[in-house]
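Here is the structure we will look at, set down as structure tokens.
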2 protein chains.
Amino acid sequence: MEEYQDHSLGGRVFQKIREDILNGKYKENDELRENTIGKELGVSRTPVREALRQLELEGLVTIVPNRGAYVTGISHKDIWDIYVIRSMLEGLCARWAVEHITDEQLNELEETILLSEFQMKKESGFSAEQIAALDGRFHSILYEASGSRILGHLLTDFHNYVQTARKSSVVSEDRARKSIREHRQILRAIRDRDEEMAEQLANEHIMHVMQNLKKQGYEQE
Amino acid sequence: MEEYQDHSLGGRVFQKIREDILNGKYKENDELRENTIGKELGVSRTPVREALRQLELEGLVTIVPNRGAYVTGISHKDIWDIYVIRSMLEGLCARWAVEHITDEQLNELEETILLSEFQMKKESGFSAEQIAALDGRFHSILYEASGSRILGHLLTDFHNYVQTARKSSVVSEDRARKSIREHRQILRAIRDRDEEMAEQLANEHIMHVMQNLKKQGYEQE
DNA sequence: TTTTGTATAATTGTATACAATTATACAAAA
DNA sequence: TTTTGTATAATTGTATACAATTATACAAAA
């Protein structure tokens, strides 16, 4: 994500703790002690502190002054809410992309779709992780193409949030195929400079993912 | 905002730097040196570092590893984009509030409107700051009432973002009166449990603010 | 003049020391 | 037994020390 995240200890600790919250290693209300985590990761308290402060800003951790940091956790309702919000914003993003997208970005979108289709045709079976990664790439190109720093930032955050939480396992073959087809339709609408259509398709695309989530027990609340 | 922000040095430094970026003291691409800021505020580097790392997460600061922190700045387009996004999400918020709002919250909304109307009737002229504060309160009650931690968090962030940036000065008397009237309409729709109407009105409410912004030179891009 | 190399200064990255605050253990009193 | 008080331990908050990295100044070479 951001520049320094990969280089500094603090950034890596941030990503690590975040992942461990989202994948369930740290559960709701767990106390996150600076020393304990530091020892676990082989670093001092300083980078851990930085990471915890950042995680609070993201809403994953609650800090009580002079007492400690606690996992806030992310409920099924939270994930559901994010999808509702995302469906609106992905629509807006596709609409804006119609205006701002470059030829190069169009080609990149095309490429991820082709690679996805290739994955699905493999005789040895498709790799869910690869499909998930390509899906991520497709969307982040669109975020970039929206020409909006704010919207891109927001959608990227959300994408990370839910992606790790629901893991890549949710990609059923049926859903994967439909998803790729929807990507292709979105791309076509953008190529045709059809704002209305692009927005609607991107909107529906996320709603379809939601229908799939519902089957897996993510209820409305 | 968050719990620890008021108590710890790091939290206060965070708020201070953020304010100074949004109100223009620190301009785009300004370098934010840990030592310099620390001396200015009479604290050591540690809390400043924490603050800068958090600000990067908010997108107000860019950190280049081993080199420094630079103000990212917030353009007119950014503010405009936030309003477009906000208009959608405030609509969603009002819709959800219809389902989740408590009687107490309804009363609080009523109260802020009454207080606003009282302000506008004052012979000595109304206080723009008071009106802005009441506007903020109205919206944050709604955010709370949406029953969505995620949506509330997001809208609160956005609200802070733009509020400080465009200062309270933009509140013209004409706009203030209309704004209060719109608040009243939104409240009525929520009371009537009319989701559709509540969403639409909240949506339009923000779009009206946008029209006002446009007059003040905030262009589409 | 322009470029390149190098010593020095400045700055960030991380660990650690110490103070302040909170949690815990346990004895004394009810 | 339950409650309260107090000493001690554990933890967070902040400052600072030191290492690593980058910026700057300036001389030497082209």
Query raised in the report: DNA chain C: A:Val43 or A:Tyr70, which has the more 5' nearest nucleotide?
Result: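 Whichever sits nearer the 5' end wins; that is A:Val43.
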Requested in this report: Using a 4.5 Å cut-off on heavy atoms from C-beta on, say whether the side chain of B:Ile113 contacts that of B:Ser116.
Outcome: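 No, every pair of side-chain atoms sits at 4.5 Å or beyond.
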Requested in this report: State which of D:dA15, D:dG13, C:dA15 makes the closest approach to the side chain of A:Asn66.
Outcome: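 Of D:dA15, D:dG13, C:dA15, D:dG13 is nearest to the side chain of A:Asn66.
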Compare side-chain N and O positions of [X] against OP1 and OP2 of [N] and report whether any pair is under 4.0 Å apart.
| X | N | value |
| --- | --- | --- |
| A:Arg53 | D:dG13 | yes |
| B:Arg67 | D:dA23 | yes |
| B:Arg49 | C:dG13 | yes |
| B:Thr46 | D:dT14 | no |

Requested in this report: Just name whichever nucleotide pairs with C:dC26, Watson-Crick or G-U, keeping both distances under 3.5 Å, else none.
Outcome: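 Because both required distances fall under 3.5 Å, C:dC26 counts as paired with D:dG5.
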Report task. Scan every strand shown for a Watson-Crick or G-U wobble partner of D:dA20, both distances under 3.5 Å, and answer none if you come up empty. Result ->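 Paired with D:dA20, as far as the under-3.5 Å criterion goes, is C:dT11.
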Query - Salt bridge B:Glu40-B:Arg33, side-chain N to carboxylate O under 4.0 Å - result: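 B:Arg33 and B:Glu40: not salt-bridged.
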Atom-pair distance ([atom1] on [X]; [atom2] on [N]), nearest Å:
| X | N | atom1 | atom2 | result |
| --- | --- | --- | --- | --- |
| B:Glu56 | C:dT12 | CD | C1' | 14 Å |
| B:Arg45 | D:dG13 | CZ | C1' | 16 Å |
| A:Asn35 | D:dA10 | CG | P | 11 Å |
| B:Lys39 | D:dA15 | NZ | P | 14 Å |
| B:Leu9 | D:dT12 | CG | P | 17 Å |
| A:Arg12 | C:dT14 | CZ | P | 8 Å |
| B:Ile63 | D:dT21 | CD1 | P | 18 Å |
| B:Glu50 | C:dG13 | CD | P | 14 Å |

**Report entry** Any donor-acceptor N/O pair, A:Gln119 side chain to A:Ser127 backbone, under 3.5 Å
**Finding:**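 The answer is yes, because a donor-acceptor pair under 3.5 Å joins these two groups.
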Query raised in the report: Would a distance-only check, ignoring hydrogens and angles, find a side-chain to backbone donor-acceptor pair under 3.5 Å from B:Arg149 to A:Gly59?
Result: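 Yes, B:Arg149 side chain to A:Gly59 backbone: donor-acceptor pair under 3.5 Å.
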**Report entry** Donor + acceptor pair across side chains of B:Glu90, B:His139 (<3.5 Å)
**Finding:**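 Yes, side-chain donor-acceptor contact under 3.5 Å.
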